[in-house]
Amino acid sequence: MSPWKELIEARNLSLLGFRETLEGGQSFSWYPTSETSWIGSFKSKVVELKFSDNTIFWRTSLKHKASEAEIINYLWLDKSYESAVNNLPWRSDSVLAQCIQALPGLTILNQPLEETLFYFLLSSAKSIPQIKEAVFLVCKNFGTPLGNNLWGFPGWQVLSEVEEKELRELKLGYRAKYVCGVAKILQEDPAYLKKISRLPYQEAKSKLISLPGVGPKIADCALLFGAKQTEAFPVDTWISKTLDIHYNLESFNPVQKIIFARSHFGKFCGLAQQFLFSGERLGLIKLN
DNA sequence: CATCAGGACACAG
DNA sequence: CTGTGTCCTGAT
């Protein structure tokens, strides 16, 4: 590994917000190396990140090297993050304000779409540790060894040659069929995901939903965490509960909740979703 | 031993 | 368009 270096852009963070960013359900390829550091990979590059002295330090594998610019981009550490947070309606929304205050520096990761889609295809009716394990097993069996007990995402081309039965044995269950189905489509049209990432949010979402195993929730997760589409607002059971309790939306169905979110939280509603999601998950939202 | 989980899908009404 | 059963598997 390279020597530790300080990430110049990293300011106004918290350990809690940073930890939630890496292991709060956006990505499934980060592993703790201490109380305050994690090692992980994206695009087959290996990075270790450490929270210290209210900022972030990083080092990278010499063989599978990432640049500082890539890391800043991955972690959304440029100034556009601050203005996105500032754009959220925290001044008039005390629930959101509580979450933002409790989780300084919580960001949306800018992950590769192909990897993110894979993660969330495996996510249905699974907990974070279970998703992580399944992702790890597939990468270990079909991906490239990156050292440090890490394996890179195999890519859809490779996955298109894997039998459904093999994936089922790696704890994917009925999701194995989805992975094979998506792999086949992407193998026939390798530019499919690239095209999607250039489309406006709604069109991108409809195209993703046409893939097997991808419904509204998973499409929104793929777009928010894998295409930096902060307009996407994934409605899972957690956020659904949060909206029911704190915004009195018990009678709203998921589609109505998305419409409410877009109109109430604005064009960065996906970022608001992440604050609320983590706030709810960690029990940080106090009732008035 | 039954139920449910950070869903999707097929099918019925 | 809304409502329900089914699908893998592990945890409770």
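Order of the sequence lines sets the chain letters (A, B, ...), proteins ahead of strands, with each chain counted from 1. Just the heavy atoms: all of them, side chains too, but no hydrogens, waters or symmetry mates, feed the values below.
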Partner set under ring pair (Phe, Tyr, Trp, His ring centres under 6.0 Å) for [X], not counting sequence neighbours:
X: A:Trp38; answer: A:Phe18
X: A:Trp90; answer: none
X: A:Tyr81; answer: A:Trp76

Inset, instruction - Quick one: which residue pairs count as a side-chain hydrogen bond (donor to acceptor under 3.5 Å, both in side chains) with a foot in residues 248-268 of chain A, not counting sequence neighbours? - result: A:Asp93-A:His264, A:Glu231-A:Arg262, A:Ser240-A:Lys257, A:Asp244-A:Lys257

From [atom1] of [X] over to [atom2] of [N], roughly how many Å is that when rounded to an integer?
X: A:Phe28; N: B:dG6; atom1: CZ; atom2: P; answer: 11 Å
X: A:Lys177; N: C:dT9; atom1: NZ; atom2: P; answer: 13 Å
X: A:Trp238; N: B:dC4; atom1: CH2; atom2: P; answer: 17 Å
X: A:Leu167; N: C:dT9; atom1: CG; atom2: P; answer: 12 Å
X: A:Leu170; N: C:dT9; atom1: CG; atom2: C1'; answer: 14 Å
X: A:Phe225; N: B:dG6; atom1: CZ; atom2: P; answer: 15 Å
X: A:Ile131; N: B:dG6; atom1: CD1; atom2: P; answer: 9 Å
X: A:Glu23; N: B:dG6; atom1: CD; atom2: C1'; answer: 16 Å

Inset, instruction - Decide, yes or no, whether a salt bridge links A:Glu68 with A:Lys5 under the criterion of side-chain N to carboxylate O below 4.0 Å. - result: no

Contacts of [X] that satisfy side-chain hydrogen bond (donor to acceptor under 3.5 Å, both in side chains) - sequence neighbours left out:
X: A:Arg198; result: none
X: A:Tyr74; result: A:Trp30
X: A:Glu20; result: A:Ser278, A:Arg281
X: A:Asn141; result: none

Inset, instruction - Determine whether the aromatic ring centres of A:Phe252 and A:Tyr247 lie less than 6.0 Å apart. - result: no

Could you check whether [X] gets within reach of a base, just the sugar-phosphate, or nothing at all, counting any heavy atom under 4.0 Å?
X: A:Arg168; value: sugar-phosphate
X: A:Ile239; value: nothing
X: A:Gly181; value: nothing

Legend entry - Contact state string [nucleotides 7-13 of chain B, B base, S sugar-phosphate only, - no protein heavy atom under 4.0 Å]: BSS----

Distance, [atom1] atom - from [M] to [N], rounded to whole angstrom:
N: C:dT6; M: B:dA2; atom1: P; value: 15 Å
N: C:dG10; M: B:dC9; atom1: P; value: 23 Å
N: B:dG6; M: C:dT2; atom1: C1'; value: 23 Å
N: B:dA8; M: C:dA11; atom1: P; value: 23 Å

Legend entry - Worked verdict on A:Leu121 versus A:Leu172 for side-chain contact (heavy atoms from CB on, under 4.5 Å): CA-CA 10 Å; A:Leu121 264 185; A:Leu172 298 213; over 6 Å; no

Inset, instruction - Quick one: the dot-bracket string of DNA chain C, using Watson-Crick and G-U wobble pairs with both distances under 3.5 Å, [ ] for crossing pairs and | for bases paired to another strand. - result: |||||||.||||

Any N/O pairs under 3.5 Å between the protein and nucleotides 10-12 of chain C? List them or say none.
residue : atom : partner  : partner atom : Å
C:dG10  : O4'  : A:Gln130 : NE2          : 3.3

Legend entry - Residue pairs, two or more places apart or on separate chains, that pass salt bridge (charged side-chain N to carboxylate O under 4.0 Å, His left out) and touch residues 209-223 of chain A: A:Lys205-A:Asp220

